[in-house]
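So the structure is just underneath, and the comments pick up after that.
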Amino acid sequence: MSRAARATVGEFLGSAGLAAVVVGSGIAAQRLSPGDVGLQLFENAFATALGLAVLILVFASVSGAHFNPVVTVVDILLHRRSWSTAARYLPSQVLGCIAGAVLANLMFAEPAVSWSTTDRSGWNLFLAEAVATAGLILVIFALVRTGRGHLAAPAVGAYIGAAYFFTSSTSFANPAITIGRMFTDTFAGIAPVSALPFIAAQLVGAAVGWGLVRALFPVAVPEPVVAHG
């Protein structure tokens, strides 16, 4: 398998894993802690933070572990990579998140596809998504451009876990996972009518994050070489 093919498969599998963690832990939280939404959110956030960190560690050397269209686009813009990467990664991320949501539904004996009826609308939620996405971009590329990319897994996991609580939208911060979460009428779902405004807010946040990275970290520093042996 070519390197490009491995990277594309890695993005699909990592995105599927992320959606399975988000949706599956949300279903489990609803069943384990009925009637306590705060505890459900904590369980969902905790599992997502841990799962995301692990997935990044597993797939970082295969594809860069983006699992997120806005991360891919910002990476291309900042580092002048080929747009052919986006042509391969973005469909893989979206399809992977859909597959992961369907898999989570099936693991918990839910219908494979049940369109979410959870309305998530309001200017405050859209603002929260822009903030969450801008922060995610800043966290990732501040580390990458200062030679600390090896810390991305725990940092991104911690950021997303925290953002579940400090944003009113519970920090989707990812167009692909937003699409995937349309396919489950469970705790983590989002109604299709709410998804497009969420994605628009995420794109705005990504643009803000890109601008902040360009302003604060204009020069990329290579990762340090670690000697072994």
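Everything numeric here is computed off the predicted structure, so don't read it as measured data.
I177 CD1 to L18 CG: the interatomic distance, rounded to the nearest 0.5 Å, is 4.5 Å. Separating the CG atom in L216 from the OG1 atom in T146 is a distance of 11.5 Å, to the nearest 0.5 Å. Residue W210 holds its CH2 atom at 6.5 Å from CG of L77, rounded to the nearest 0.5 Å. The OG1 atom of T72 sits 10.5 Å away from atom CZ of R81, with the distance rounded to the nearest 0.5 Å. The distance from the CG atom of L103 to the CD1 atom of I98 is 13.5 Å, given to the nearest 0.5 Å. The CG atom of L127 sits 10.0 Å away from atom OG1 of T167, with the distance rounded to the nearest 0.5 Å.
Heavy atoms of other residues, nucleotides or ligands lying less than 6.0 angstrom from CZ of R214 number 12 at most. The environment of CH2 in W123 is sparse: at most 12 heavy-atom neighbours from other residues, nucleotides or ligands sit within 6.0 Å. Heavy atoms from other residues, nucleotides or ligands lying under 6.0 Å from CZ of F165 number more than 12.
Under the 4.5 Å side-chain heavy-atom criterion for Ile, Leu, Val, Met, Phe, Trp and Tyr, I179 and W115 are members of the same hydrophobic cluster. Linking Ile, Leu, Val, Met, Phe, Trp and Tyr residues whenever their side-chain heavy atoms come within less than 4.5 Å leaves L90 and F198 in two separate clusters. Under the 4.5 Å side-chain heavy-atom criterion for ILVMFWY residues, no single connected hydrophobic cluster contains both I76 and Y89. In the hydrophobic cluster analysis, where Ile, Leu, Val, Met, Phe, Trp and Tyr join through side-chain heavy atoms closer than 4.5 angstrom, V54 is grouped together with V22. Cluster membership check: V94 shares its hydrophobic cluster with L55, using side-chain heavy-atom separations under 4.5 Å among Ile, Leu, Val, Met, Phe, Trp and Tyr.
Of all heavy-atom pairs spanning A7 and R88, the tightest one is CB-NH1, 4.4 Å. Contact record, I160 with S171: CD1-OG, 3.9 Å, taken as the closest heavy-atom pair. In terms of heavy-atom proximity, L125 sits nearest to S168 at CD2-O, 3.3 Å. Closest non-hydrogen pair, V21 versus S25, comes out as O-OG, 2.6 Å. Closest heavy-atom contact between F183 and A101: CB-CB, 4.5 Å. Contact between G209 and I137 at its shortest, heavy atoms only, is C-CG2, 3.7 Å.
For the pair R181 and F172, the cation-pi test (distance below 6.0 Å, angle within 45°) is passed.
Ring orientation note: the planes of F59 and F67 are nearly perpendicular, at an angle over 60° on the 30°/60° scale. Ring-plane geometry between Y159 and F166 is classed as perpendicular, the angle between the planes exceeding 60 degrees on a 0 to 90 degree scale with a lower cut at 30. Ring geometry for H79 against F141 counts as tilted: the plane angle lies between 30° and 60°, on a 0 to 90° scale.
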Which is it for E129 and S169 under the side chain to side chain donor-acceptor pair (under 3.5 Å) test, yes or no, and what are the steps along the way?
-> CA-CA 6 Å; E129 274 304 286; S169 64; 2.6 Å; yes

Is there a side-chain contact (heavy atoms from CB on, under 4.5 Å) between L136 and V70 once you walk through the steps?
-> CA-CA 10 Å; L136 177 63; V70 296; 5.6 Å; no

Where do L143 and F217 land on the side-chain contact (heavy atoms from CB on, under 4.5 Å) test, with the steps shown first?
-> CA-CA 10 Å; L143 293 174; F217 308 98; over 6 Å; no

Criterion side-chain contact (heavy atoms from CB on, under 4.5 Å) on R6 and V9, from CA distance to verdict = CA-CA 5 Å; R6 289 199 307 272; V9 172; 5.9 Å; no

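Side-chain contact check for T186 and Q30: no donor-acceptor pair (N or O, by modelled atom type) lies under 3.5 Å. Side-chain atoms of T184 and E110 include no donor-acceptor pair closer than 3.5 Å. Between the side chains of S63 and E11, at least one donor N or O lies within less than 3.5 Å of an accepting N or O.
Distance alone, capped at 3.5 Å, places no donor-acceptor pair between the D185 side chain and the P111 backbone. In this structure, the side chain of S116 engages the main chain of I190 through a donor-acceptor pair within 3.5 Å. Looking only at distances, a side-chain donor or acceptor of N68 sits under 3.5 Å from a matching main-chain atom of A173. Remark: the backbone N or O of G189 is paired with a side-chain donor or acceptor of R120 at under 3.5 angstrom. Checking side-chain atoms of R145 against main-chain N and O of V213 turns up no donor-acceptor pair under 3.5 Å.
At least one side-chain heavy atom of V156 sits less than 4.5 Å from a side-chain heavy atom of I140. L13 is not listed as a side-chain neighbour of V62, based on a closest heavy-atom distance of 4.5 Å or more.
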